[in-house]
Amino acid sequence: MATRLFVTASYVTARHRRGDGSSVGTAVRTLLEHAAAGHGVLGTGVAPGRIGVVRGFDRASRAVRDELRAAATSHGWSVLDLPTVPGFGTIPVADDMRLVVVAHRSLVPVAERCAACWDCHLLDPGAVGTATSSYALRDAPALAVTTAGGAGDSIASRFELSGSVTCRSEGLPDVVASAVAVQPSGAGLLLEHLTGGRRGTVRMVDTTLRLDLPEPTRGTLDGHPQLFPAGEYAITTGTRRVRRVVADHGNLT
């Protein structure tokens, strides 16, 4: 299930105005120029690839998309337009994604999830509009989640399920819960569960947590409501991360 995105224009117009020296286009052009020169946060020897734009359907979000496309094509890059919240396992498969840009701050969780799935960088909204041409990386852990049927996705912040769930992990007793929440935590994950009216918390490191759903179950993935099909969901630590590109305040111009 995909959700169409509608957002207000206040953040977009303030930070991403076409022709403004602090526009998203300016920030992206700077990053691509650094990459072409063989240095910068996108890495060395980076071949031109694709930039994902997570946006709404409002006029200002479309303007961000157009500005980003102009910046990308001027450097031989292309843009993947994502105007919806992807359902579980439906983020487009791509091995040439290099950067994700978000048109509105409220869509950052979607952008983080996409960046973790694509193993690429995310341009932090706070880095747009800052008077700098220097950027730094700020990494945060994420989790990989796959199903027995081959669907895959990422958890950048929190995965919640409300319904009967059996939790399994090597070396631990099975837990049958009526609700669970899983989120990245350092080098592992944090599992919260509701069992028999009592809440419990388990921290896991370097492991795989398996969640068995006997029937379709409602929940949220990084804050977005979805209906998750019945089956086994394997959540793995240590394989995903969100690489956020932020302004380097030690090098403001």
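Index from 1, following the sequence. The structure displayed is predicted, hence computed values, not measured ones.
Applying the side-chain contact (heavy atoms from CB on, under 4.5 Å) rule to Ser185 yields the partners Leu190, Arg203; only residues at least two apart in sequence or on another chain are considered. Remark: Arg65 pairs with no residue by the side-chain hydrogen bond (donor to acceptor under 3.5 Å, both in side chains) rule, at least two apart or across chains. Annotation: side-chain contact (heavy atoms from CB on, under 4.5 Å) contacts of Arg210 (sequence neighbours excluded): Arg168, Thr208, Glu232, Ala234. Every side-chain hydrogen bond (donor to acceptor under 3.5 Å, both in side chains) that Arg113 has, sequence neighbours left out, goes to Asp153. Contacts of Ser169 classified as side-chain hydrogen bond (donor to acceptor under 3.5 Å, both in side chains), with partners at least two apart in sequence or in another chain: Thr207. By the side-chain hydrogen bond (donor to acceptor under 3.5 Å, both in side chains) test, Gln183 pairs with Arg158, sequence neighbours left out. Ser162 is linked by a side-chain contact (heavy atoms from CB on, under 4.5 Å) to nothing, counting only residues two or more places apart in sequence or in another chain. Not counting sequence neighbours, the partners of His39 by the ring-ring contact (aromatic ring centres under 6.0 Å, His included) test are His34. Checked against side-chain contact (heavy atoms from CB on, under 4.5 Å), Thr239 has the following partners two or more places apart in sequence or in another chain: Ala144, Thr236.
Under the 3.5 Å distance criterion, the side-chain polar atoms of Asp248 are left unmatched by any main-chain donor or acceptor of Ser134. Without hydrogens or angle criteria, Glu112 side chain to Ser157 main chain gives no donor-acceptor distance under 3.5 Å. Checked by atom type and distance alone, the side chain of Arg98 pairs as donor or acceptor with a backbone atom of Ala47 at under 3.5 Å. Not a single donor-acceptor pair under 3.5 Å links the side chain of Arg240 to the backbone N or O of Asp119.
Listed by first and then second residue, the salt bridge (Lys or Arg N to Asp or Glu O under 4.0 Å) pairs involving residues 37-51 are Arg50-Asp96 (not counting sequence neighbours). Legend: ring pair (Phe, Tyr, Trp, His ring centres under 6.0 Å) pairs involving residues 156-189, not counting sequence neighbours, sorted by first then second residue: Phe159-Phe228. Residue pairs satisfying the side-chain hydrogen bond (donor to acceptor under 3.5 Å, both in side chains) criterion with at least one member in residues 139-148, sequence neighbours excluded, are listed as follows: Asp139-Arg241.
Annotation: the span from Leu31 atom CG to His75 atom NE2 amounts to 10.0 Å, rounded to 0.5 Å.
Nearest heavy-atom pair across Ala151 and Phe88 is CB-CE2, 4.0 Å. In this structure, Leu211 and Cys167 approach most closely via the heavy-atom pair CD2-SG, 3.7 Å.
The only member of Pro86, Ser154, Pro92 that meets side-chain contact (heavy atoms from CB on, under 4.5 Å) when paired with Cys117 is Ser154.
When the shell of 6.0 Å around CG of Asp95 is examined, it contains 12 or fewer heavy atoms from other residues, nucleotides or ligands.
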